[in-house]
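Before any comments, here is the structure.
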Amino acid sequence: MESQELPYVLVDCIGGRLGVYEDHLGFLKKHFHLITMKEYLENKTLLSKKIRAIYVWYHKPAINEELLQSLPNLKVVASSGVGIDHLDLKLISSYGVKVSNTPFIVSTDTADMGMALMLASSRRLVEGHEMAVSPDTEYFPADWLGVEVSGATLGILGMGKIGYKVAERAKAFEMKILYHNRNQRKKEEESAVGAVYCKKMDDLLQQSDFVLLAVTLTPQTHKLIGKRELELMKPTATLINISRGLIVDQDALVEALQNKVIKAAALDVTYPEPLPRDHPLLKLKNVIITPHIGSATKKTRWVMMEEMVESIEAGLAGLPIPHEVLP
Ligand SMILES: O=CC(=O)O
């Protein structure tokens with residue numbers, strides 16, 4: 001197909017660069033005529049009728065009423081990752097536009113990230129690395145005691161695909177596993193990983209040495225973990241968040257970490273992302289922060305992109321969209 005015949009797809013720039021990986025660009029350009037937001041805004045009259053899909057990578061571009069109104073031939077919004085909290089599904093659907101995400105492929109890597117954060121925090125990897133590479137620190141073994149993971153109790157809040165994969169991994173680390181979820185898992189699924197259901201979230205918070213957040217962000221889970229919940233946790237416990245920053249009341253978390261209400265936090269997600277450079281979370285020794293990279297491995301990101309391309313092509317051909325998200 002000639003490039004002019006390819007469907008016009010809108011993508012955004014992130015930090016001044018096109019919001020896709022360099023090595024994905026060739027593949028994408030075989031399928032679509034990519035238009036950046038900047039190009040679109042500079043040439044709206046010519047481009048608005050041509051754009052038929054939006055490729056949402058890392059929550060960009062923002063899909064708002066103004067954008068939807070300006071694109072009369074828009075058919076598909078393909079969003080990377082599993083979370084769709086950045087999309088107003090009802091609004092988008094009211095414009096006759098379909099939405100897709102990439103729900104399955106991200107689970108394994110995100111669960112690995114949960115384990116990585118738990119191990120890094122409990123064994124003080126970041127502090128240890130800083131010390132090891134610093135030219136003038138003296139090493140006293142007694143200063144470097146961590147917290148053991150094996151035998152500890154892990155409380156998983158949100159036992160969906162990602163939470164369950166965390167449980168599978170934690171079982172291999174000989175952890176005791178508690179979980180809280182809207183629905184209890186089947187008995188055979190629980191026993192496969194040795195997970196015990198806590199009907200009340202508070203019970204899980206009180207008993208866990210590590211509390212890992214893998215719940216979907218919805219109005220019901222917004223700031224689910226606040227001052228009260230942090231105070232229920234053990235003073236020796238660590239909070240791990242691989243879901244969305246807004247599951248936690250961040251001000252309450254800062255206070256809890258400063259006052260040793262809990263021991264530590266390991267966060268792949270915050271709000272905003274990235275945090276302003278003077279944010280108190282960045283100054284705390286008992287905090288590890290990574291830049292929302294739960295699913296960021298080469299293979300997974302490549303598959304995510306392929307799935308997004310498939311969804312756009314299916315939607316434009318009027319075929320069922322592989323991972324359509326219904327409002
Ligand atoms: O944040 C990542 C995702 O929603 O997959």
Side-chain angles (χ1 to χ4, degrees), residues 1-43 47 50-63 67 71 73-87 92 97-113 116 161-162 165 242-244 268-269 272-274 290-317 319-325:
M1 246 196 294
E2 287 301 309
S3 146
Q4 300 91 291
E5 293 178 302
L6 296 176
Y8 278 55
V9 171
L10 188 63
V11 291
D12 208 351
C13 286
I14 300 175
R17 287 155 64 191
L18 196 62
V20 294
Y21 299 108
E22 291 287 310
D23 63 345
H24 291 174
L25 251 188
F27 177 80
L28 280 178
K29 282 184 172 169
K30 276 195 197 134
H31 294 260
F32 306 132
H33 189 111
L34 296 177
I35 302 291
T36 64
M37 258 324 248
K38 184 166 177 288
E39 284 166 337
Y40 166 64
L41 294 172
E42 283 168 3
N43 214 341
L47 293 171
K50 293 192 176 210
I51 289 168
R52 304 185 60 211
I54 304 180
Y55 192 90
V56 179
W57 194 262
Y58 252 73
H59 303 183
K60 286 187 157 203
I63 313 290
L67 185 62
L71 301 172
N73 293 318
L74 183 68
K75 292 280 174 285
V76 186
V77 168
S79 181
S80 64
V82 59
I84 35 109
D85 44 283
H86 54 292
L87 299 173
I92 297 172
V97 175
K98 299 201 164 165
V99 172
S100 73
N101 66 349
T102 65
F104 298 108
I105 185 64
V106 298
S107 311
T108 304
D109 284 346
T110 309
D112 287 351
M113 190 69 194
K161 288 186 275 298
I162 295 172
K165 281 195 179 282
I242 51 171
S243 170
R244 287 287 182 271
D268 187 41
V269 286
E273 285 171 4
T290 49
H292 200 148
I293 49 173
S295 66
T297 65
K298 267 200 162 178
K299 186 172 141 219
T300 292
R301 289 285 157 102
W302 187 270
V303 176
M304 282 161 74
M305 177 203 53
E306 284 178 333
E307 290 186 352
M308 291 166 74
V309 169
E310 276 169 34
S311 294
I312 292 178
E313 289 188 330
L316 296 186
L319 298 169
I321 294 182
H323 297 299
E324 182 170 354
V325 187

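Only heavy atoms go into these numbers, but all of them, side chains included; no hydrogens, no water, no symmetry mates. Everything numeric in this text was worked out from a predicted model, so none of it was measured.
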remark   = On a heavy-atom basis, the closest approach of Leu47 and Tyr40 is CD1-CA, 3.7 Å
query = What residues form a salt bridge (charged side-chain N to carboxylate O under 4.0 Å, His left out) with Asp23, not counting sequence neighbours?
reply = none
ask   = Say you draw a straight line from CD of Glu306 to CD1 of Ile105; how long is it, rounded to the nearest 0.5 Å?
value = 9.5 Å
Spatial distance of atom CZ (Arg52) from atom CD1 (Ile312) [nearest 0.5 Å] = 11.0 Å
key: Within-4.5 Å side-chain heavy-atom neighbours: Arg244 and His292   = yes
key: By side-chain contact (heavy atoms from CB on, under 4.5 Å) - contacts of Thr290 (at least two apart)   = Met113, Leu117, Asp268, Ile293
key: Nearest atoms (heavy-atom pairs only) where Ile92 meets Val99   = CG2-CG2, 3.7 Å
message = Any heavy-atom pair between the side chains of Leu25 and Leu34 that's under 4.5 Å?
response = yes
task = Not counting sequence neighbours, which residues clear salt bridge (charged side-chain N to carboxylate O under 4.0 Å, His left out) with Asp112? List them please.
result = Arg169
key: Approximate separation, where rounding is to 0.5 Å, of Met37 CE and Leu41 CG   = 5.0 Å
Leu67 and Leu10, any side-chain heavy atoms less than 4.5 Å apart = yes
query = Is there a side-chain contact between Thr102 and Val303, using heavy atoms and a 4.5 Å cut-off?
reply = no
key: Within-4.5 Å side-chain heavy-atom neighbours: Ile54 and Leu71   = yes
ask   = What is the minimum heavy-atom distance between Glu313 and Phe32, and which atoms define it?
value = CG-CE2, 4.1 Å
key: Distance, nearest 0.5 Å, that separates OG of Ser295 from CD1 of Ile242   = 11.0 Å
task = Of all the heavy-atom pairs spanning His31 and Pro7, show the shortest one and how long it is.
result = O-CD, 3.4 Å
query = Taking all non-hydrogen atoms of both residues, which atom of Ala111 and which atom of Lys165 are closest, and how far apart?
reply = CB-CB, 3.5 Å
ask   = Heavy atoms, side chains only, cut-off 4.5 Å: are Met305 and Trp302 in contact?
value = yes
remark   = Here the gap from Asn101 atom CG to Glu307 atom CD, rounded to the nearest 0.5 Å, amounts to 9.0 Å
message = Would you say that His33 contacts Lys50 through its side chain, given a criterion of any heavy-atom pair below 4.5 Å between the two side chains?
response = no
task = With rounding to the nearest 0.5 Å, note down the distance linking NE2 in His86 to CD1 in Ile63.
result = 8.0 Å
inquiry  = Testing the basics here: between Ser80 and Met304, what is the closest heavy-atom pair and its distance to 0.1 Å?
reply    = CB-CE, 3.8 Å
